[in-house]
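To start, the structure under review is shown below, and the notes come after it.
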Amino acid sequence: QVQLVESGGCLVQAGGSLRLSCAASGNIFRLNAMGWHRQAPGKQRELVAVISNGGNTHYADSAKGRFTISIDKPKNTVDLQMNSVRPEDTGVYYCYAVVTTYNGSVGTFNYWGQGTQVTVSS
């Protein structure tokens, strides 16, 4: 099993900054990618940013130029630096990871964290 623990969610004023962190632990043979999704009230969960083990990144259009995702491979952590936040960035942010595990056989699975609340006040 793999566990993801997020931290850093808070109440922040529009235009401010915050940093989300997510740590993966457990039966990790290889960490293939990590990323963040968010779910705003009454809306579907959407991708915010993702980073591969090789450092390739992809951002939602709404996050480009404002958010930066980074990965620390030895520590199995991913951070999301959020700058110039807007009220529409409000939501629950979920960390996810694509992990190859080994337990007698190799398998690749998606794992999700419990989520951390980000609220941006106007």
Side-chain angles (χ1 to χ4, degrees):
Q1 267 290 17
V2 174
Q3 296 79 40
L4 302 180
V5 178
E6 302 113 327
S7 62
C10 64
L11 171 65
V12 60
Q13 285 191 330
S17 299
L18 73 159
R19 190 176 186 89
L20 304 182
S21 295
C22 174
S25 62
N27 182 18
I28 300 172
F29 180 72
R30 183 174 63 244
L31 196 58
N32 300 297
M34 295 188 78
W36 294 90
H37 281 64
R38 72 181 172 206
Q39 187 163 18
K43 294 187 178 181
Q44 290 188 330
R45 193 175 297 189
E46 61 178 359
L47 172 71
V48 176
V50 60
I51 185 168
S52 71
N53 181 278
N56 294 318
T57 59
H58 174 76
Y59 296 91
D61 287 342
S62 61
K64 289 179 181 176
R66 300 188 299 126
F67 297 177
T68 302
I69 190 169
S70 58
I71 191 169
D72 186 330
K73 290 182 283 186
K75 294 183 179 179
N76 291 333
T77 60
V78 64
D79 288 350
L80 184 68
Q81 178 66 39
M82 302 169 62
N83 298 329
S84 302
V85 295
R86 305 164 180 166
E88 52 264 40
D89 294 323
T90 294
V92 179
Y93 283 68
Y94 295 92
C95 175
Y96 82 96
V98 182
V99 180
T100 298
T101 63
Y102 181 77
N103 187 17
S105 62
V106 174
T108 298
F109 306 95
N110 294 337
Y111 294 92
W112 291 87
Q114 293 297 309
T116 185
Q117 177 70 45
V118 172
T119 303
V120 182
S121 63
S122 56

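All values below come from the heavy atoms of this structure, side chains included, with hydrogens, waters and symmetry mates left out. Please read these numbers as outputs of a predicted model, since none were measured by experiment.
Taking both residues in full, the closest heavy atoms of Tyr93 and Phe67 are given as OH-CE1, 4.5 Å, listed atom of the first, atom of the second, then distance. Residue Arg19 comes nearest to Ser70 through the heavy atom pair NH2-OG, 3.8 Å, listed as atom of the first residue, atom of the second, then distance. Leu47 and Trp36 get closest at one heavy-atom pair: CD1-O, 3.7 Å.
Ring orientation note: the planes of Trp112 and Tyr94 are nearly perpendicular, at an angle over 60° on the 30°/60° scale.
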Identify all side-chain donor-acceptor contacts of residues 7-18 below 3.5 Å with residues at least two apart in sequence or on another chain.
from	atom 1	to	atom 2	distance (Å)
Ser17	OG	Asn83	OD1	3.0

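Put simply, the side chain of Asp79 never gets that close to the backbone of Ile71: no donor and acceptor are under 3.5 Å apart. Judged purely by atom type and a 3.5 angstrom limit, Glu6 has no side-chain atom pairing as donor or acceptor with the backbone of Thr116. A donor-acceptor pair under 3.5 Å is absent between the side-chain atoms of Tyr59 and the main chain of Arg66, judged by distance alone. Lys73 places a side-chain N or O within 3.5 Å of a backbone atom of Asn53 that can act as its donor or acceptor partner.
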Report task. With salt bridge (charged side-chain N to carboxylate O under 4.0 Å, His left out) as the test, would you mind laying out the steps for Arg86 and Asp89 before giving the verdict? Result -> CA-CA 5 Å; Arg86 305 164 180 166; Asp89 294 323; 5.4 Å; no
Query raised in the report: Checking side-chain contact (heavy atoms from CB on, under 4.5 Å) for the pair Glu46/Arg38: CA distance, chi angles, key distance, verdict?
Result: CA-CA 5 Å; Glu46 61 178 359; Arg38 72 181 172 206; 2.9 Å; yes
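Taking the ring centroids of Tyr96 and His37, they lie under the 6.0 Å cut-off.
Under 3.5 Å, the side chains of Thr90 and Glu88 contain no donor-acceptor pair of N or O atoms. A donor-acceptor contact closer than 3.5 angstrom links the side chains of Asn32 and Thr100.
With sequence neighbours excluded, the residues that form a side chain to side chain contact (heavy atoms under 4.5 Å, CB included) with Ala97 are Leu4, Leu31, Met34, Val99.
The hydrophobic cluster containing Val50 does not contain Ile28, counting ILVMFWY residues as joined when their side-chain heavy atoms lie under 4.5 angstrom apart, directly or transitively.
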